[in-house]
Enquirer: 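Handing you a structure now.
Atom set for the values below is all heavy atoms of this structure, side chains included, hydrogens, waters and symmetry mates excluded. A, B, ... follow the sequence lines: proteins, then strands. Residue 1 opens every chain.
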Amino acid sequence: MEDQALPAIPVRHKARVRILKYKYLYILLIPAIVHYVIFAYLPIYGITLAFQDFSYRRGILGSPWVGFKHFEALFAFRGFWQVFRNTVVISIMKLITGFPIPILIALLLNEVRGSLPRRFYQTVYTFPHFLSWVIVSGIIFNLLSTDGVLNQTLVALGGERVNLLTRISAFRPMLYVTNIWKTAGWGSIIYLAAIAGINPELYEAASIDGANRFHKMLHITWPGIRGTVGILFVLSVANIMFAGFDQIFNLYNPVVYEVADILDTYIYRRALMMGMDFSSATAIGLFQSVINFILLVGANLFVRALGEEGVF
Amino acid sequence: MSGGSRRSFSIFSLVNHLVLVLMALVTIVPLYYVLIVSFASYEQVISRTIYLFPTSLDFSAYQVIFRGAGVIRAFLISTLVTITGTLYSMAMSVSAGYALSKRYLPGRNAILTGIVFTMFFSGGLIPYYVIIRGLGLINSLLVLILPLGINTFYLIILKNWFLTIPRSLEESAKMDGANDILILYKIVLPVAAPILATISLFYAVGRWNEWWHALLFITDHRKLPLQNLLREVLARVSQNIGTEMGRTIAAMRRPIYTQAVRMAIVVITCVPIIAVYPFLQKHFTKGIIIGSIKG
């Protein structure tokens, strides 16, 4: 439309006119741009720390360049691979245990007749999503404490008191269970929304053709949510290097570090508590981001190869 | 429907409800258990084989909290940060979301791509820490407001919502010579009240639950929000000797069940969330998140 209105004006001039024409929209946009530049893109530029010997005295711009020194040191360090392995194992196990549950909840809720019971279940299941991991850790400590209801039950059944939080074999399963407790209900909402978008005539037609509940679930509901499943799968895979700082940081303790320490907690403790140099810590962060990005692209290709839409 | 399939219908229904009720119990019992422990004394808890049904209530834990112990101060800090932070975030996100909903705006796609990119790629903890320190935000409550100014996810939801308003609504105002900012605040926002309420609530819950920035950037204990105070109280395994909490408990001159105090703080931290939950619930079931994850 603008092109027709301004036919004879040279390109550069035209751009200026267009910018002036929309100046109020740009004014609305500027605070957000400043925000993203400062809080997202400056830190992205700060990745250069990984290739420097950073010191506060010299700053990001003045510290000397050292190439891949920090990466070489890191990859040669066994402690790093231990933490890397923890991160991958915890993430993948969370994906395996946690990803299907919201789908299952949505399918079960969809079979509930009447909106009142369905709303009741949904209200209950979604609530933990709105509690922080600090609060949830308090809830978990309370259940698992020495005088807590779990131990009281164990003793009542003739067992011994246990402390699952300091038991190496129990800590990771505890993470998977509590992750489901907090996230599954909220996760199911998006699938319920996808199910609500399915044309009800499909179900009616299937009923007339004699399809039962499971036929319909398999041949109508599932195809109706498969696209959503694909997108959420891609997004989950793209976060494998982030195994859940909030959860683990609020629940772990030194006794279980060997199975619980992930890259994020490791970076935090080493760099901000124990004075590991910032350049090495940044190198770990970059390593995470790059792997996640590769996983994002890879998972997206995979989902698209299966015939779904993917994220991009 | 024939008799046979009716029968299988009801059996399925029964099993389905059993599973769903069980899951609801698993969700509720841990929350209920926090509540009853917060109203318990140590004697009450250990006098029972399994403490699940209290016969009397002990308010000592709440007395400790209301006598000081830093909880009220932390609660007020969290409230202040939540309110100002939500207002700031809404102003930022609504403005940007509206501008980005104008497909004809030159440069709009590039800016949008730049914004969405930050959802998938970040500088990581250390560069972020160095930048925030460099900005002089350490120990300033602004660090709990400014860096969290925009949640990209909510920005995109708002942008998508603004895309759905009919052009005719804005065009008549434009004819009268109103500029875009005026149109946004005078004409578009009044129509957008429901979505604004929803996104504000989500922002507010996020602010209330925020502890990570305070963990990193607030070292002055007197400025810690409630979540971080709770974190510290939970982390202390033994008594709270030398802390505000410890002094308050000592001043009570009677034995106090520390676990009850911890759980009372959990309860108090949950109260605002519970208060807004019915409103949150009303909105998110309407499918606010559909179509937003793809940007």
Enquirer: Under a 4.5 Å cutoff for heavy-atom pairs, which residue among Tyr56(A), Phe120(A), Phe54(A) has the most contacts with chain B?
Expert: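 Looking at each option in turn, the highest pair count goes to Tyr56(A).
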Enquirer: Select, from Phe278(A), Phe141(A), Tyr36(A), the one with the greatest count of heavy-atom pairs under 4.5 Å involving chain B.
Expert: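 Of the candidates given, the most pairs with chain B belong to Tyr36(A).
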Enquirer: Side chain, backbone, both or neither: which part of Val29(B) has a heavy atom under 4.5 Å from chain A?
Expert: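 For Val29(B), neither part sits under 4.5 Å from chain A.
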Enquirer: Indicate yes or no for a side-chain donor-acceptor contact from Gln44(B) to the backbone of Ser41(B) under 3.5 Å, with no hydrogens or angles considered.
Expert: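 Present.
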Enquirer: Chain A heavy atoms under 4.5 Å from Ile150(B): which part of the residue, side chain, backbone, both or neither?
Expert: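 For Ile150(B), heavy atoms of backbone and side chain both lie under 4.5 Å from chain A.
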Enquirer: Below 4.5 Å from any heavy atom of chain A, which atoms of Ile132(B) appear? Answer side chain, backbone, both or neither.
Expert: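 Contact with chain A involves the side chain of Ile132(B) alone.
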Enquirer: So which residue, Ala96(B), Gly124(B), Pro106(B), ends up with the most heavy-atom pairs under 4.5 Å with chain A?
Expert: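 Top option by heavy-atom pairs under 4.5 Å: Pro106(B).
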Enquirer: So, Thr27(B) side chain and Met23(B) main chain: donor-acceptor pair closer than 3.5 Å or not?
Expert: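 Pair found, side chain donor or acceptor close to backbone of Met23(B).
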Enquirer: So, Ser89(B) and Arg207(B): side-chain donor and acceptor under 3.5 Å apart, yes or no?
Expert: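 A pair is found: one side chain offers a donor N or O, the other an acceptor, under 3.5 Å apart.
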Enquirer: Among the options Gly59(A), Gly138(A), Gly285(A), Ala156(A), pick out the one with the most heavy-atom pairs lying under 4.5 Å from chain B.
Expert: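 Among Gly59(A), Gly138(A), Gly285(A), Ala156(A), the one with the most close pairs to chain B is Gly138(A).
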Enquirer: Quick check: does any side chain N or O of Ser78(B) sit under 3.5 Å from a backbone N or O of Leu226(B), one acting as donor and the other as acceptor?
Expert: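 Pair found, side chain donor or acceptor close to backbone of Leu226(B).
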Enquirer: Where on Arg108(B) is there a heavy atom nearer than 4.5 Å to chain A: the side chain, the backbone, both, or neither?
Expert: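 Nothing of Arg108(B), per the 4.5 Å heavy-atom cut-off to chain A.
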Enquirer: Name the orientation class of the two ring planes belonging to Phe217(B) and Tyr129(B) (parallel below 30°, tilted from 30 to 60°, perpendicular beyond 60°).
Expert: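 Answer is parallel, since the angle falls under 30°.
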Enquirer: I need the residue from Ala24(B), Ser93(B), Gly206(B) with the largest number of non-hydrogen atom pairs under 4.5 Å to chain A.
Expert: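 Maximum pair count with chain A is reached by Ala24(B).
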Enquirer: Run the salt-bridge test on Asp180(B) and Lys102(B) with the 4.0 Å N-O cut-off and return the result as yes or no.
Expert: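 Salt bridge absent between Asp180(B) and Lys102(B).
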Enquirer: Using modelled atom types only, decide if a donor and an acceptor are shared between the side chain of Tyr41(A) and the backbone of Gly114(B) within a distance under 3.5 Å.
Expert: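 Side chain of Tyr41(A) to backbone of Gly114(B): a pair is present.
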Enquirer: Using 30° and 60° as the class limits, which term best fits the ring planes of Phe214(A) and Phe12(B): parallel, tilted or perpendicular?
Expert: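 Phe214(A) vs Phe12(B) ring planes: perpendicular.
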Enquirer: Do you know which of Val205(B), Asn179(B), Val266(B) has the most heavy-atom pairs under 4.5 Å to chain A?
Expert: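 Top option by heavy-atom pairs under 4.5 Å: Asn179(B).
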Enquirer: Tell me, side chain or backbone of Ile131(B) under 4.5 Å from chain A's heavy atoms, or both, or neither?
Expert: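 Side chain only.
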Enquirer: Looking at chain B, which one of Gly148(A), Ala184(A), Ser145(A), Pro128(A) has the largest number of heavy-atom pairs inside 4.5 Å, strictly under?
Expert: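 So the answer, after comparing Gly148(A), Ala184(A), Ser145(A), Pro128(A), is Gly148(A).
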Enquirer: Classify the ring geometry of Phe39(A) against His35(A): parallel below 30°, tilted from 30° to 60°, perpendicular beyond 60°.
Expert: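 Aromatic pair Phe39(A)/His35(A) classed tilted.
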Enquirer: Quick check on Phe245(A): does its CZ atom have over 12 non-hydrogen neighbours (other residues, nucleotides or ligands) under 6.0 Å away?
Expert: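 Enclosed.
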Enquirer: At a heavy-atom separation under 4.5 Å, does Tyr257(B) approach chain A through its side chain, its backbone, both, or neither?
Expert: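 Answer is side chain: those atoms of Tyr257(B) sit under 4.5 Å from chain A.
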Enquirer: Would you please classify the geometry between the Trp211(B) ring and the Phe249(A) ring as parallel, tilted or perpendicular, with 30° and 60° separating the classes?
Expert: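 The rings of Phe249(A) and Trp211(B) lie parallel, inter-plane angle below 30°.
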Enquirer: Using heavy-atom distances under 4.5 Å, tell me whether Ile183(B) contacts chain A through its side chain, its backbone, both, or neither.
Expert: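 Ile183(B) has no heavy atom closer than 4.5 Å to chain A.
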Enquirer: Side chains of Ser289(A) and Asn292(A) only: does a donor on one sit below 3.5 Å from an acceptor on the other?
Expert: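 No.
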Enquirer: So which part of Ala238(A) gets closer than 4.5 Å to some heavy atom of chain B, the side chain, the backbone, both or neither?
Expert: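 No part of it gets close to chain B.
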Enquirer: Side chain, backbone, both or neither: which part of Leu125(B) has an atom under 4.5 Å from a heavy atom of chain A?
Expert: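 Just the side chain, heavy atoms under 4.5 Å.
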Enquirer: Side chain, backbone, both or neither: which part of Leu52(B) has a heavy atom under 4.5 Å from chain A?
Expert: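 The side chain, not the backbone.
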Enquirer: Does any backbone or side-chain atom of Val130(B) lie under 4.5 Å from a heavy atom of chain A? Answer side chain, backbone, both or neither.
Expert: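 Its backbone and side chain both get close to chain A.
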Enquirer: Only pairs of heavy atoms separated by less than 4.5 Å count here; which of Val112(A), Ile30(A), Asp246(A) has the most with chain B?
Expert: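 So the answer, after comparing Val112(A), Ile30(A), Asp246(A), is Asp246(A).
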Enquirer: With a 4.5 angstrom heavy-atom cut-off, is it the side chain or the backbone of Ile284(A) that approaches chain B, or both, or neither?
Expert: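 Looking at Ile284(A), nothing touches chain B.
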Enquirer: What residue in Thr153(A), Ile105(A), Thr48(A) has the most heavy-atom pairs under 4.5 Å with chain B?
Expert: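 Maximum pair count with chain B is reached by Thr153(A).
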Enquirer: If you measure only the distance, is there a donor-acceptor pair under 3.5 Å linking the side chains of Arg262(B) and Gln259(B)?
Expert: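 Short answer, yes.
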Enquirer: Name the region of Leu155(B), side chain, backbone, both or neither, that has any atom closer than 4.5 Å to a heavy atom of chain A.
Expert: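 It is the side chain, since no backbone atom gets that close.
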Enquirer: Drop me the distance from Asn209(B)'s CG to Thr269(B)'s OG1, to the nearest 0.5 angstrom.
Expert: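 Asn209(B) CG to Thr269(B) OG1: 9.5 Å, rounded to 0.5 Å.
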Enquirer: Side chains of Ser279(A) and Gln52(A): is there a donor and an acceptor less than 3.5 Å apart?
Expert: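 No donor-acceptor contact under 3.5 Å links the two side chains.
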Enquirer: With respect to chain A, which residue among Thr152(B), Asn228(B), Ile265(B) yields the maximal number of heavy-atom pairs within a distance under 4.5 Å?
Expert: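 When all of Thr152(B), Asn228(B), Ile265(B) are compared, Thr152(B) has the most.
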Enquirer: Measure distances from Leu192(A) to the heavy atoms of chain B and classify the residue's part below 4.5 Å as side chain, backbone, both or neither.
Expert: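 Neither part.
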Enquirer: With a 4.5 angstrom heavy-atom cut-off, which part of Leu143(A) approaches chain B: side chain, backbone, both or neither?
Expert: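 Backbone plus side chain of Leu143(A), per the 4.5 Å heavy-atom cut-off to chain B.
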Enquirer: Please state whether the side chain, the backbone, both or neither of Val34(B) comes within less than 4.5 Å of a heavy atom of chain A.
Expert: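 Contact with chain A involves both backbone and side-chain atoms of Val34(B).
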Enquirer: Go through the atoms of Met263(B) and report whether side chain, backbone, both or neither lie under 4.5 Å from a heavy atom of chain A.
Expert: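 It is the side chain, since no backbone atom gets that close.
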